[in-house]
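Presented below is the structure to which this report refers.
The structure displayed is predicted, hence computed values, not measured ones. Throughout, a chain's letter reflects where its sequence line sits, starting with A, and its residues are numbered from 1.
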2 protein chains.
Amino acid sequence: MPMLMLKNLPRYECLLEASKEFPDLDPSACEAFLHLLHAGDECFRAIELNLGRHNISQGRFGVLMCLMSQCRSDGVDAALSPAELADRAGVTRATMTGLVDTLERDGLVTRAPDQEDRRMMVVSLTAKGRQLLHEILPEHFQRMAILMHTLSEPERKTLVRLLHKIKEQAAKLAPPAAAHLASTG
Amino acid sequence: MPMLMLKNLPRYECLLEASKEFPDLDPSACEAFLHLLHAGDECFRAIELNLGRHNISQGRFGVLMCLMSQCRSDGVDAALSPAELADRAGVTRATMTGLVDTLERDGLVTRAPDQEDRRMMVVSLTAKGRQLLHEILPEHFQRMAILMHTLSEPERKTLVRLLHKIKEQAAKLAPPAAAHLASTG
DNA sequence: TCTCCATGGTTAGCTGCCTAACTATCAGCC
DNA sequence: GGCTGATAGTTAGGCAGCTAACCATGGAGA
């Protein structure tokens with residue numbers, strides 16, 4: 001997520017300086033905030049690097065994961081509609097069309113008309129798609145573990161607790177947009 | 001950052017279940033990781049909502065902030081080259097061209113040839129751009145404060161400390177891409 | 001049965017990100 | 001001065017996100 005923030009976090013002294021001009025700026029809050037976004041960004045990149053080596057983006061990867069999760073929980077090779085995929089992925093149906101387009105083009109998913117509702121398509125994982133996931137996931141999870149094992153178990157618990165608090169507050173400031181997204185497009 | 005993760009975080013039991021199929025998956029690490037990305041996403045959205053009301057994206061906002069920071073530290077209405085902007089913002093020069101295009105179109109920045117190096121343009125903030133920032137920033141910082149004041153000061157310190165650890169690890173897994181970015185494009 | 005509204009998937013256009021390529025300019029070396 | 005390599009900004013094309021609009025289908029109510 002480039003541009004999420006500037007490359008270098010402002011030094012605390014700069015924040016202090018800026019708070020003279022902008023009284024609403026709380027240096028401590030600003031610092032923590034930027035660190036949170038920065039850390040998220042760095043973690044995102046660490047994971048993305050692995051995906052990029054397999055020529056797949058986070059978005060497409062997410063679609064494949066949705067489809068695979070669906071299979072596993074049912075033990076059946078179930079399929080999902082683009083709308084359902086969009087809902088789970090938190091993007092619009094329009095966006096999902098594009099994602100499924102390229103996934104289908106690459107032979108990772110198939111798309112077929114739904115038998116019961118003529119408005120709908122259904123998307124399912126191909127063997128190739130499943131295979132790709134099995135290639136990707138070991139290192140994907142390893143990287144995740146490497147990153148988070150920087151912290152001890154108690155530290156991770158603390159982190160999750162603090163993050164949970166922030167998320168709750170964020171949900172008040174910005175009601176989940178995902179609820180309307182899959183309807184959009 | 002849509003698609004960063006699926007809309008709903010998997011329950012811990014699901015992670016446990018998945019770890020049977022994927023031995024590299026550490027449920028605790030995975031949980032903390034996803035929480036971090038989710039929290040970042042939510043905070044991003046909370047801030048973005050305010051920006052959106054002023055018809056400006058995070059990216060364009062960042063450019064304006066770069067230019068304003070440059071002014072303030074010098075006390076002079078200095079300008080930056082697109083390459084310098086790209087470097088600070090962590091995007092490619094190609095991307096910066098587009099951002100500056102729309103900012104210029106909206107009268108928020110001006111672009112002029114550099115006097116000393118005919119290859120270069122210089123970009124500066126207009127009064128309109130500065131004005132927009134002064135309209136945006138109060139609530140921008142308020143939102144930031146609201147979010148981070150969910151935590152006490154000690155909790156924020158803890159959070160920053162933990163995040164710093166993770167970022168260091170991430171830097172090892174994914175060396176800063178920004179170093180090459182501004183050269184790209 | 002007909003009408004209206006909701007739903008689904010896609011398209012078009014825009015923005016923002018990337019890479020690769022291009023032209024113009026600059027700097028250093030011979 | 002000429003040549004070479006580096007640098008700057010832009011363009012083209014692709015991907016991913018959005019909104020709005022569109023057409024087809026489905027469901028509910030009269």
Side-chain angles (χ1 to χ4, degrees), chain A residues 1-4 41 44-45 48-49 51-52 55-63 79-87 89-106 108-109 111-123 177-178 180-185, chain B residues 1-4 7 41 44-45 48-49 51-52 55-63 79-87 89-106 109 111-123 177-178 180-185:
Chain A
M1 42 190 149
M3 289 297 288
L4 186 60
D41 188 32
F44 179 89
R45 288 179 192 274
E48 197 173 46
L49 195 61
L51 296 182
N55 287 305
I56 192 161
S57 64
Q58 279 274 11
R60 290 162 29 103
F61 174 69
V63 174
L80 291 168
S81 70
E84 183 63 39
L85 283 171
D87 181 49
V91 299
T92 64
R93 288 177 296 148
T95 298
M96 188 51 67
T97 298
L99 287 177
V100 175
D101 280 349
T102 60
L103 288 170
E104 187 185 30
R105 178 199 69 195
D106 295 344
L108 302 176
V109 304
R111 194 195 239 139
D114 189 75
Q115 307 280 22
E116 302 179 355
D117 186 336
R118 300 239 296 259
R119 295 173 299 185
M120 288 176 43
M121 307 293 286
V122 289
V123 182
H180 92 276
L181 272 175
S183 312
T184 303
Chain B
M1 40 192 154
M3 291 296 289
L4 188 60
K7 187 174 69 173
D41 187 35
F44 179 89
R45 289 178 193 275
E48 196 172 48
L49 195 61
L51 297 182
N55 286 306
I56 192 161
S57 63
Q58 279 271 12
R60 292 162 28 103
F61 173 70
V63 174
L80 291 168
S81 70
E84 184 62 40
L85 282 172
D87 182 48
V91 300
T92 65
R93 288 175 297 147
T95 299
M96 188 51 66
T97 298
L99 286 177
V100 175
D101 279 350
T102 61
L103 287 171
E104 187 183 31
R105 180 199 67 195
D106 296 343
V109 304
R111 194 196 239 139
D114 188 75
Q115 307 281 25
E116 302 179 353
D117 185 334
R118 298 241 297 260
R119 294 173 300 186
M120 288 177 40
M121 306 293 284
V122 290
V123 182
H180 91 277
L181 271 175
S183 313
T184 304

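- Nucleotides of DNA chain D nearest to Gly98(A) and Glu84(B) differ in position, and the one nearer the 5' end is that of Glu84(B).
- Set against dA20(C), dC18(D), dG9(C), the side chain of Ala94(B) has dA20(C) as its closest nucleotide.
- Proximity note for Pro82(A) (side chain, C-beta onward) versus dG9(C), dA8(D), dC15(D): the nearest is dG9(C).
- As rounded to whole Å, 13 Å separates atom P of dC15(D) from atom CG of Leu108(A).
- Contact check on Asp101(B) versus Arg111(B) returns a salt bridge, with a Lys/Arg side-chain nitrogen under 4.0 Å from an Asp/Glu carboxylate oxygen.
- Taking the side chain of Arg105(A) as heavy atoms from C-beta on, and the options dG9(C), dC15(D), dA16(D), the nearest nucleotide is dC15(D).
- Leu49(A) places none of its side-chain heavy atoms less than 4.5 Å from the side chain of Arg45(A).
- The nearest whole Å value for the distance from the CG atom in Asn55(B) to the C1' atom in dT15(C) is 13 Å.
- Counting to the nearest Å, the C1' atom of dC18(C) and the CG atom of Leu51(A) are 16 Å from each other.
- Annotation: side chain of Leu80(A) is not in contact with side chain of Val123(A) (no heavy-atom distance under 4.5 Å).
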message = With side chain to side chain contact (heavy atoms under 4.5 Å, CB included) as the criterion, how do Val63(B) and Met96(B) come out once you've worked through the C-alpha distance, each side chain's angles and the decisive distance to 0.1 Å?
response = CA-CA 9 Å; Val63(B) 174; Met96(B) 188 51 66; 3.8 Å; yes
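- Between the CG atom of Leu49(B) and the P atom of dC18(D) there is a distance of 15 Å, rounded to whole Å.
- As rounded to whole Å, 11 Å separates atom P of dG17(D) from atom CG of Asp41(B).
- With sequence neighbours excluded, no residue satisfies salt bridge (charged side-chain N to carboxylate O under 4.0 Å, His left out) with Arg118(A).
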Full working for side chain to side chain contact (heavy atoms under 4.5 Å, CB included) between Leu51(B) and Gln58(B) = CA-CA 7 Å; Leu51(B) 297 182; Gln58(B) 279 271 12; 3.8 Å; yes
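- In this structure, the nucleotide among dG9(C), dC17(C), dG9(D) sitting nearest to the side chain of Arg93(B) is dG9(D).
- Distance from the side chain of Ala83(A) is smallest to dG8(C) among dC18(D), dG8(C), dG16(C).
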Could you list all N or O pairs between the protein and nucleotides 26-28 of chain D that sit under 3.5 Å apart?
{"residue": "dG26(D)", "atom": "OP1", "partner": "Arg118(A)", "partner atom": "N", "Å": "2.8"}

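- In this structure, the CG atom of Asp114(A) is 9 Å from the P atom of dG9(C), given to the nearest Å.
- Regarding contacts with the backbone of dT11(D), every side-chain N or O of Thr97(B) stays at 4.0 angstrom or more from both OP1 and OP2.
- dG14(D) atom P lies 14 Å from atom CG of Asp101(A), rounded to whole Å.
- The phosphate of dC18(C) (OP1 or OP2) has a side-chain N or O of Thr95(B) nearer than 4.0 angstrom.
- With sequence neighbours excluded, the residues satisfying side chain to side chain contact (heavy atoms under 4.5 Å, CB included) with Asp106(A) are Arg60(A), Leu108(A).
- Closest to the Ser81(B) side chain, of the nucleotides dG9(D), dG16(C), dG8(C), is dG9(D).
- Ser81(B) has its side chain within reach of Met120(B): a pair of non-hydrogen atoms, C-beta onward, lies under 4.5 Å apart.
- Checking the phosphate oxygens (OP1, OP2) of dC18(D), a side-chain nitrogen or oxygen of Thr92(A) falls inside 4.0 Å.
- Remark: P of dC18(D) and CZ of Phe44(B) are 12 Å apart, rounded to the nearest angstrom.
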